Amino acid sequence: MDDPGTERNVLGGALEPCGTDPMTGFTRDGSCRTGPEDLGSHTVCAVVSAEFLALQRRLGNDLSTPRPQYGFPGLRPGDRWCVVAVRWRQAAEAGAPAGVVLAATNARALEVVPLELLRAHAVDVPDDASSLGEQPPGSAG
């Protein structure tokens with residue numbers, strides 16, 4: 001695995017932690033770091049929704065059911081989880097995307113998911129949001 005300090009997020013900055021309750025990441029260190037062992041590319045930091053979890057279950061990727069033997073508590077809506085980039089894109093294309101934390105989403109996700117699609121479902125506001133013409137919440141516009 002690469003040194004965590006060298007992995008970048010989709011915005012080009014240092015990869016920020018995704019979530020620790022439950023502890024996420026391919027290596028269960030709280031971040032969406034990846035490496036050669038991570039064949040699924042668990043690189044998208046998602047804030048899962050009920051719709052996303054239901055779709056994943058229908059597709060045979062049950063993320064809701066606890067699996068104590070693997071140290072997996074099962075996810076609930078609102079949890080942050082490093083999801084497989086292909087699975088996230090599949091859900092987005094099916095109309096059931098999870099929110100995305102761009103600062104915690106590994107740049108390797110861009111091999112599978114276009115940045116524009118990730119940005120469309122971002123739940124964090126990137127530093128350059130003003131260049132996109134977005135208005136801050138509560139502002140006139």
Side-chain angles (χ1 to χ4, degrees), residues 1-139 141:
M1 226 130 323
D2 292 337
D3 172 21
T6 63
E7 293 200 51
R8 311 304 288 173
N9 65 37
V10 295
L11 301 174
L15 184 64
E16 295 183 10
C18 179
T20 57
D21 185 21
M23 187 65 76
T24 191
F26 179 72
T27 60
R28 295 296 192 266
D29 67 354
S31 75
C32 297
R33 295 185 319 134
T34 191
E37 308 87 10
D38 181 12
L39 301 179
S41 187
H42 294 77
T43 51
V44 176
C45 180
V47 180
V48 299
S49 64
E51 296 80 12
F52 178 84
L53 293 171
L55 176 63
Q56 292 302 307
R57 180 178 288 172
R58 284 194 306 275
L59 295 173
N61 183 32
D62 183 0
L63 298 173
S64 303
T65 302
R67 305 235 187 275
Q69 67 273 32
Y70 300 114
F72 180 68
L75 301 179
R76 296 183 313 270
D79 285 344
R80 288 183 176 205
W81 196 252
C82 294
V83 300
V84 172
V86 169
R87 293 281 191 173
W88 185 89
R89 182 174 181 165
Q90 184 179 34
E93 291 173 349
V100 176
V101 182
L102 296 172
T105 295
N106 195 305
R108 297 286 302 273
L110 298 175
E111 296 170 7
V112 176
V113 185
L115 181 57
E116 300 76 37
L117 186 57
L118 293 169
R119 279 187 186 270
H121 301 286
V123 295
D124 57 340
V125 179
D127 292 340
D128 63 348
S130 60
S131 68
L132 300 175
E134 296 176 12
Q135 296 289 325
S139 68

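Computed from a prediction, not measured in an experiment: that's the story for all the values here. Along the sequence shown, the residues carry numbers beginning at 1.
- Remark: the backbone N or O of Gln56 is not paired with any side-chain donor or acceptor of Asn61 at under 3.5 angstrom.
- Of the candidates Thr34, Asp29, Thr27, Ser31 forms a side-chain hydrogen bond (donor to acceptor under 3.5 Å, both in side chains) with just one, namely Asp29.
- Among all heavy-atom pairs drawn from Glu37 and Phe26, the shortest one is O-CZ, 3.3 Å.
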Using a 3.5 Å cut-off and no angle test, enumerate the donor-acceptor pairs between side-chain atoms of residues 76-87 and protein atoms at least two apart in sequence or in another chain.
from, atom 1, to, atom 2, distance (Å)
Asp79, OD2, Arg76, N, 2.8
Arg80, NH1, Cys18, O, 3.3

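- In this structure a side-chain-to-backbone donor-acceptor pair under 3.5 Å is missing from Asn106 to Asn9.
- Applying the side chain to side chain contact (heavy atoms under 4.5 Å, CB included) test to Thr20 and every residue at least two apart in sequence or in another chain returns Met23.
- Qualifying salt bridge (Lys or Arg N to Asp or Glu O under 4.0 Å) partners for Glu51, counting only residues two or more places apart in sequence or in other chains: none.
- Minimum interatomic distance between Ala92 and Leu117 (heavy atoms only, all atoms of both residues): CB-CD2, 4.3 Å.
- Taking the side chain as every heavy atom from C-beta outward, Phe52 and Leu63 approach each other to under 4.5 Å.
- Partners of Thr43 under the side-chain hydrogen bond (donor to acceptor under 3.5 Å, both in side chains) rule, at least two apart in sequence or in another chain, are Ser41.
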Can you list the steps and then say if Arg57 with Thr65 is a side chain to side chain contact (heavy atoms under 4.5 Å, CB included)?
-> CA-CA 9 Å; Arg57 180 178 288 172; Thr65 302; 3.8 Å; yes
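- Here NE2 of His121 is found 11.5 Å from CD of Glu116. Values are rounded to the nearest 0.5 Å.
- Distance check, rounded to the nearest 0.5 Å: CG of Leu11 to CD of Glu16 gives 9.0 Å.
- Contact detail for Ala91 and Leu55: the closest heavy-atom pair is CA-CD2, 3.5 Å.
- The shortest side-chain heavy-atom distance between Thr105 and Cys32 does not fall under the 4.5 Å cut-off.
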Please walk me through it: do Val112 and Trp88 pass side chain to side chain contact (heavy atoms under 4.5 Å, CB included)?
-> CA-CA 10 Å; Val112 176; Trp88 185 89; over 6 Å; no
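- When the salt bridge (Lys or Arg N to Asp or Glu O under 4.0 Å) test is applied to Arg58, no partner is found at least two apart in sequence or on another chain.
- Residues Leu75 and Leu53 share a closest heavy-atom pair of O-CD1, 3.8 Å.
- Closest heavy-atom contact between Gly71 and Pro73: O-CD, 3.7 Å.
- By the side chain to side chain contact (heavy atoms under 4.5 Å, CB included) test, Leu115 pairs with Val10, Leu110, Arg119, sequence neighbours left out.
- Residues Arg67 and Asp62 meet the side-chain proximity criterion, which asks for heavy atoms closer than 4.5 Å.
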